[in-house]
Trainee: 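Before anything else, here's the structure in question.
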Amino acid sequence: MKIAIIGSGYVGLVSGACLADFGHTVTCIDKDAFKISALKRGDIPIFEPGLESLIVRNLQDERLTFTTDFAGPVGEADAVFIAVGTPSRRGDGHADLCHVYEAAREIAHALRGSTVVITKSTVPVGTGDEVERIIREECPHADFAVASNPEFLREGAAIQDFKHPDRIVIGVESDLARQVLMQVYRPLFLNKSPVLFTSRRSAELIKYAANAFLAMKITFINEIADLCEKVNADIQEVALGIGSDNRIGSKFLHAGPGFGGSCFPKDTVALIKSAQDYGSSVRLVETTVAINDARKRAMARRIIEAVGGNVRGKTIAIFGLTFKPNTDDMREAPSISIIQALQDAGAHIQAYDPKGMEQARMLWSDVAFRSNPYDAAENASAICILTEWEQFRALDFKRLAKLVATPIMLDFRNIYSADEVTRHGFAYFRIGAASRTGPAPTNVSPSEQEAVA
Ligand SMILES: NC(=O)c1ccc[n+]([C@@H]2O[C@H](COP(=O)([O-])OP(=O)(O)OC[C@H]3O[C@@H](n4cnc5c(N)ncnc54)[C@H](O)[C@@H]3O)[C@@H](O)[C@H]2O)c1
């Protein structure tokens, strides 16, 4: 099949590379000429494990091309995917659909022959109707159908998710769309990946409902973690205990500093807004968003309390900036609110992230970015792990203890056990369990020792 993909970001690039790898002829289109010329050279603008080699291989095999030109590739395509961004609209939090509608208008002018236009971007219920209306208005005689095919890939595991999905959701209102999408996903049909054909509106809602449910699950375990701290229980034991129940499941039961990323924050708010517009508010989701927003700043207060109530003039080391490991995506990362709150309280931040620092530099000019965790820890009054990158799982605590001003470790991803950390003299704080102090640290002043205790 000939496929055009509008928008060459995380979703467009991963979808384009994987569909080319299935054997289709794919053109990825983006209006960002700088991005497209980099992609043509094989320079990938995002970090996603395995993506670079997949793109380079398919470029070499001439199944994948990149362009800023709509007319040629859209005119020839059997299927045109819209994979542009749908960020929160400034002011009211609705999904901003301007890029989707702009893409629809450009597609309309380029259509030739029978084409299926598929929305892969996350869009509110009814957007498919509007895309259809726009194309029909711009090009009344076009032979086209509009479908919804929401994407469920996770950054950091995107290629695996695209090629081995839990399910593929396809919302169609016509036979043409059904037939074309069956051809597009034929390799996955053959692999027995579950394919769910639904109405277009159901498909649009499935994506938001799925993300809202997962955000709710994370928020639930975060609240239970707070309760664990009060009653001297351990969230990891509780999560294991409830997650072993098949009806609940163990995934998304990891307590942490609150959810972030390019999807959950904006999608939960967009769902709330469109539900309100339909007079059917989703109060569980509203509460989830409010709890999560408050949680991120509360995490900064924990750090401040751990160093004795005052961070003014002190250095705090931040290990991990991205919203999760294996991505360079900084969108809505908890680190943003936490660092902001620490800076507001007068702290000096030294940070290290294996892949996110290029993006992070665009956010902060007043954070000292270091090239490894040990440099970031130098002279720090506390170390805080915000992202569970693999390389933070085996830190050299002996070395860290010599570098820091005060041996305090706040592990907001629960990647260590208290024993592993406290035996090196660190006070250890994690989410959902009582904090633990180690043997009296040797390289701290008496006042700082008080703060540790
Ligand atoms: N990132 C994820 O993990 C993920 C997962 C599932 C679904 N989604 C959804 O997929 C959509 C895309 O997300 P993303 O993270 O890939 O976004 P992104 O911001 O990384 O990429 C969007 C791209 O679209 C381009 N673009 C915008 N308007 C255009 C136009 N009119 N013509 C051509 N190109 C245009 C931009 O230049 C940009 O390169 C969003 O709706 C998002 O919610 C994202």
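Here the structure is a predicted model, which is why all the values come from computation and not from measurement. Both counts, for ligands and for their atoms, begin at 1 and track the order of listing.
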Trainee: When you measure from atom 40 (C) of ligand 1 to each heavy atom in D267, T86, L97, which option holds the nearest one?
Mentor: T86
Trainee: Other residues, nucleotides and ligands only: do more than 12 of their heavy atoms fall within 6.0 Å of CZ on R57?
Mentor: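 Result for CZ/R57: enclosed.
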Trainee: Taking both backbone and side-chain atoms of V11, is any N or O found less than 3.5 Å from an N or O belonging to ligand 1?
Mentor: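 Between V11 and ligand 1, an N or O pair is found under 3.5 Å apart.
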Trainee: Any idea which atoms of ligand 1 are less than 4.0 Å away from a heavy-atom of E151?
Mentor: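 Answer for ligand 1: 6 (C), 7 (C).
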Trainee: To the nearest 0.1 Å, how far is atom 11 (C) of ligand 1 from its closest protein heavy atom, and which atom is that?
Mentor: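 Looking only at protein heavy atoms, the one closest to atom 11 (C) of ligand 1 is V84 O, 3.3 Å.
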Trainee: Find out whether the Lys NZ or Arg CZ of K355 is both under 6.0 angstrom from the six-membered ring centre of F47 and within 45° of the ring's axis.
Mentor: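 Yes, cation above the ring, under 6.0 Å and within 45°.
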Trainee: Residue-level breakdown please: for K35 versus ligand 1, do any non-hydrogen atoms fall below 4.0 Å on the side chain, on the backbone, on both, or on neither?
Mentor: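 It is the side chain that gets close, since no backbone atom is under 4.0 Å.
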Trainee: Under a 4.0 Å heavy-atom limit, does F264 contact ligand 1 with its side chain, its backbone, both, or neither?
Mentor: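 For F264, there is no contact with ligand 1 at all, from either part.
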Trainee: If you have a sec, work out which protein heavy atom is nearest atom 23 (C) of ligand 1 and how many Å separate them, to one decimal?
Mentor: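 I find the closest protein heavy atom is D30 OD2, 3.6 Å.
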Trainee: Of the side chain and backbone of R331, name the one, both, or neither that has a heavy atom under 4.0 Å from an atom of ligand 1.
Mentor: side chain
Trainee: Classify the angle between the aromatic ring planes of F162 and Y185 as parallel (below 30°), tilted (30 to 60°) or perpendicular (above 60°).
Mentor: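 Rings of F162 and Y185: tilted, 30 to 60°.
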Trainee: Return a yes/no value for T122: is any of its N or O atoms, backbone included, closer than 3.5 angstrom to an N or O of ligand 1?
Mentor: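 For ligand 1, there is an N or O atom that lies under 3.5 Å from one belonging to T122.
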Trainee: State, yes or no, whether a side-chain contact exists between F22 and L188 at a heavy-atom distance under 4.5 Å.
Mentor: yes
Trainee: Measure S262 to ligand 1 on non-hydrogen atoms and call it side chain, backbone, both or neither using the 4.0 Å cut-off.
Mentor: side chain
Trainee: Can you report which non-hydrogen protein atom sits closest to atom 1 (N) of ligand 1, along with the distance?
Mentor: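 Protein heavy atom with the smallest distance to atom 1 (N) of ligand 1: E155 OE2, 2.8 Å.
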Trainee: Does either side chain, that of E155 or that of S262, offer a donor lying less than 3.5 Å from an acceptor on the other one?
Mentor: yes
Trainee: Please confirm whether F152 comes under 4.0 Å of ligand 1, counting heavy atoms of the residue only.
Mentor: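 Judged by the 4.0 Å heavy-atom criterion, F152 does not count as contacting ligand 1.
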Trainee: Using heavy atoms and a threshold below 4.0 Å, how should the contact between P150 and ligand 1 be classified: side chain, backbone, both, or neither?
Mentor: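 Neither; no heavy atom under 4.0 Å.
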Trainee: Can you report which non-hydrogen protein atom sits closest to atom 43 (O) of ligand 1, along with the distance?
Mentor: K266 NZ, 2.6 Å
Trainee: Give the residue, atom name and distance (to 0.1 Å) of the protein heavy atom nearest atom 24 (O) of ligand 1.
Mentor: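 For atom 24 (O) of ligand 1, the nearest protein heavy atom is G7 CA, 3.4 Å.
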Trainee: Assess whether a salt bridge exists between E130 and R133, defined as any Lys/Arg side-chain N lying under 4.0 Å from an Asp/Glu carboxylate O.
Mentor: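 Here E130 pairs with R133 in a salt bridge, since their nearest N and O are under 4.0 Å apart.
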Trainee: Are V74 and I6 close enough that some pair of their side-chain heavy atoms sits under 4.5 Å apart?
Mentor: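 Result yes, sub-4.5 Å side-chain heavy-atom pair found.
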Trainee: If you measure every N or O of Y10 against every N or O of ligand 1, does any of those distances drop under 3.5 Å?
Mentor: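 Min N/O separation from ligand 1 is below 3.5 Å for Y10.
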Trainee: Report the nearest protein non-hydrogen atom to atom 22 (C) of ligand 1: residue, atom name, distance rounded to 0.1 Å.
Mentor: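 Protein heavy atom at minimum distance: G85 N, 3.6 Å.
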Trainee: In terms of relative ring orientation, are F369 and W364 parallel, tilted or perpendicular, with 30° and 60° separating the classes?
Mentor: tilted
Trainee: Please list, one pair per line, the donor and acceptor atoms closer than 3.5 Å that link side chains of residues 195-202 to other protein atoms, with sequence neighbours excluded.
Mentor:
unit_1: T198; atom_1: OG1; unit_2: A203; atom_2: N; d: 3.4
unit_1: S199; atom_1: OG; unit_2: S202; atom_2: N; d: 3.1
unit_1: S199; atom_1: OG; unit_2: S202; atom_2: OG; d: 3.0
unit_1: R200; atom_1: NH1; unit_2: E132; atom_2: OE1; d: 2.8
unit_1: R200; atom_1: NH1; unit_2: V146; atom_2: O; d: 2.9
unit_1: R200; atom_1: NH2; unit_2: D129; atom_2: OD1; d: 2.8
unit_1: R200; atom_1: NH2; unit_2: E132; atom_2: OE1; d: 3.1
unit_1: R201; atom_1: NE; unit_2: D129; atom_2: OD2; d: 3.2
unit_1: R201; atom_1: NH2; unit_2: D129; atom_2: OD2; d: 2.8

Trainee: Tell me whether the count of non-hydrogen atoms from other residues, nucleotides or ligands lying under 6.0 Å of OH in Y101 goes above 12.
Mentor: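 Result for OH/Y101: enclosed.
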Trainee: What atoms of ligand 1 come within less than 4.0 Å of a heavy atom belonging to I6?
Mentor: 32 (N), 33 (C)
Trainee: Is the CD atom of Q179 crowded by more than 12 outside heavy atoms at less than 6.0 Å?
Mentor: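 Atom CD in Q179 is crowded, with more than 12 foreign heavy atoms closer than 6.0 Å.
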Trainee: If the threshold is 4.0 Å, N to carboxylate O, is there a salt bridge linking K266 and D96?
Mentor: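 No.
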Trainee: Atom 33 (C) of ligand 1: which protein heavy atom is closest, and how many Å away?
Mentor: K31 N, 3.4 Å
Trainee: Can you sort out which atoms of ligand 1 are near E102, meaning under 4.0 Å from one of its heavy atoms?
Mentor: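 It comes down to these atoms of ligand 1: 31 (N).
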Trainee: Considering non-hydrogen atoms of the protein only, which is the closest contact for atom 21 (O) of ligand 1, and what is the distance?
Mentor: G9 CA, 3.2 Å
